Amino acid sequence: MTVNCSALPEHLVESELFGHERGAFTDAQAAKPGLFEVADGGTLFLDEVGTLPFTLQAKLLRALETKEVRRVGGTKSRKVDLRIIAATNQNLKRDVQAGVFREDLFFRLSAITLSLPPLRERGNDVILIAETLLGRLAKHHGVRVPRLRPEARRSLRGYNWPGNVRELKNAVERTLLLSAPGELDIHELLPPPDEEPTRNGPIPFPAPMSEISVAAAQATVEFCGGNRSEAARRLDISRQRLRKLLNSERLSA
């Protein structure tokens, strides 16, 4: 079972993980088990765990230590026995130092750690991943699998891929659909080298620092193809701080 910790509002993430009882919140029409219960005896994958709200980090830590969960709005604890695998694009050590990620949860989750470098640092892996994506996407769309020609391989290796595998997948799928059957138009594969980041408007200046920070956050997210983890890395801030800046931008709109 998999849950993306950044894809839902806080109360829905809590419900997704731990379940809820009927009437626990608006639209809770019936009781529902959480993924901890559903994955009992198996494996639960927590994607982007670094974005988990601080209040839920304590509940997650308690579930890991006691092997018990309590549904939202419930009073009964339920025993669970499962394997937890967590992933994040954030620097959790830095987030612990910044006080936005619990140190005890960090050590609880990092018993065995695997570090995967970004796509731009993985050499020919980008070719292998692109070929795998081509095969899957061609089958999905019912078209012939095109061959990656040498010039396409050079383009793939030479690009920085700020959005990592998500950006690569979007690029491969777009190119597959826009190319002639059985071919791959390399002109569609990558953005033009002089292409500027898409923005709603220029970053305001002179302006209060709060406005400049919000505009820079929005522009960086757009430049990274919507990948907030990569945007936070480039801005050298936590995902939580980035989310607050983006929320500020929406509230002021």
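Bear in mind the structure is a predicted one, so any value in this text is a computation, not a measurement.
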- If you measure only the distance, is there a donor-acceptor pair under 3.5 Å linking the side chains of His141 and Glu173? yes
- Task: Identify whether Leu137 and Ile186 are in the same connected component of the hydrophobic contact network (ILVMFWY, side-chain heavy atoms under 4.5 Å).
- Result: no
- Query: Once you round to the nearest 0.5 Å, how far does CD of Glu37 lie from CZ of Arg78?
  - Reply: 5.0 Å
- Just how far is it from atom CG of Leu35 to atom CG of Asp40, taken to the nearest 0.5 Å? 12.5 Å
- Atom pair CG/CG of Asn160 and Leu190 - distance to nearest 0.5 Å: 11.0 Å
- Message: I want to check something: taking the side chain as every heavy atom from C-beta on, are Val221 and Asn227 in contact at a cut-off of under 4.5 Å?
- Response: no
- Query: Can you check whether Arg243 reaches Leu246 side chain to side chain, under 4.5 Å on heavy atoms?
  - Reply: no
- State the CG-OG distance between Leu242 and Ser213, to the nearest 0.5 angstrom. 11.5 Å
- Linked, directly or transitively: Val72 and Leu12 (ILVMFWY side chains, under 4.5 Å): yes
- Message: One thing to verify: whether Glu167 and Arg174 come together as a salt bridge, which I'm taking to mean a side-chain N less than 4.0 angstrom from a carboxylate O.
- Response: no
- Task: Could you tell me whether the side chain of Phe101 reaches within less than 4.5 Å of the side chain of Ser238, counting heavy atoms only?
- Result: no
- Message: Let's go through Glu131 and Arg153 carefully: what are the C-alpha distance in whole Å and the side-chain angles of both, what is the deciding distance for salt bridge (charged side-chain N to carboxylate O under 4.0 Å, His left out) to 0.1 Å, and is it a yes or a no?
- Response: CA-CA 10 Å; Glu131 289 177 333; Arg153 292 170 181 263; 2.7 Å; yes
- Item | Over 12 foreign heavy atoms within 6.0 Å of CZ, Arg241 | no
- Item | Full working for side chain to side chain contact (heavy atoms under 4.5 Å, CB included) between Val172 and Thr175 | CA-CA 5 Å; Val172 168; Thr175 307; 5.9 Å; no
- Message: Same cluster or not: Leu109 versus Val100, using hydrophobic residues (I, L, V, M, F, W, Y) connected whenever any side-chain heavy atoms lie under 4.5 Å apart?
- Response: no
- Message: Leu133 vs Leu176, test: side chain to side chain contact (heavy atoms under 4.5 Å, CB included). Steps then yes/no.
- Response: CA-CA 10 Å; Leu133 289 171; Leu176 183 69; over 6 Å; no
- Message: Just so I know, are the side chains of Lys32 and Glu16 near enough to count as touching, which here means a heavy-atom distance under 4.5 Å?
- Response: yes
- Message: Distance check, rounded to the nearest 0.5 Å: Arg108 atom CZ versus Leu60 atom CG?
- Response: 9.5 Å
- Evaluate whether atom NZ of Lys67 has more than 12 neighbouring non-hydrogen atoms of other residues, nucleotides or ligands under 6.0 angstrom away. no
- Query: Taking the side chain as C-beta and beyond, is there a heavy-atom pair between Leu44 and Ile85 under 4.5 Å?
  - Reply: no
- Gap between atom CG of Asn164 and atom CZ of Arg120 - 0.5 Å precision: 6.5 Å
- Query: Is Val13 close to Ser15 at the side-chain level, that is, under 4.5 Å between some pair of heavy atoms?
  - Reply: no
- Arg157 side chain near Asn124 side chain, heavy-atom distance below 4.5 Å: yes
- Task: Determine whether the side chains of Arg239 and Ser229 contain a donor N or O and an acceptor N or O closer than 3.5 Å.
- Result: yes
- Message: Within the structure provided, determine whether Leu156 and Leu189 are in side-chain contact (heavy-atom separation under 4.5 Å).
- Response: yes
- Task: Return the orientation label for the Phe18 and Phe36 ring planes: parallel under 30°, perpendicular over 60°, tilted otherwise.
- Result: parallel
- Within a radius of less than 6.0 Å around CD of Glu103, do more than 12 heavy atoms belonging to other residues, nucleotides or ligands occur? no
- Message: Within a 6.0 Å radius of atom CZ on Arg149, are there more than 12 heavy atoms belonging to other residues, nucleotides or ligands?
- Response: no
- Query: Applying the 4.5 Å side-chain criterion to the ILVMFWY set and letting contacts propagate, would Phe107 and Val49 be lumped into a single cluster?
  - Reply: yes
- Message: Could you see if Val143 belongs to whatever hydrophobic cluster contains Leu148? Use Ile, Leu, Val, Met, Phe, Trp, Tyr and a side-chain cutoff under 4.5 Å.
- Response: yes
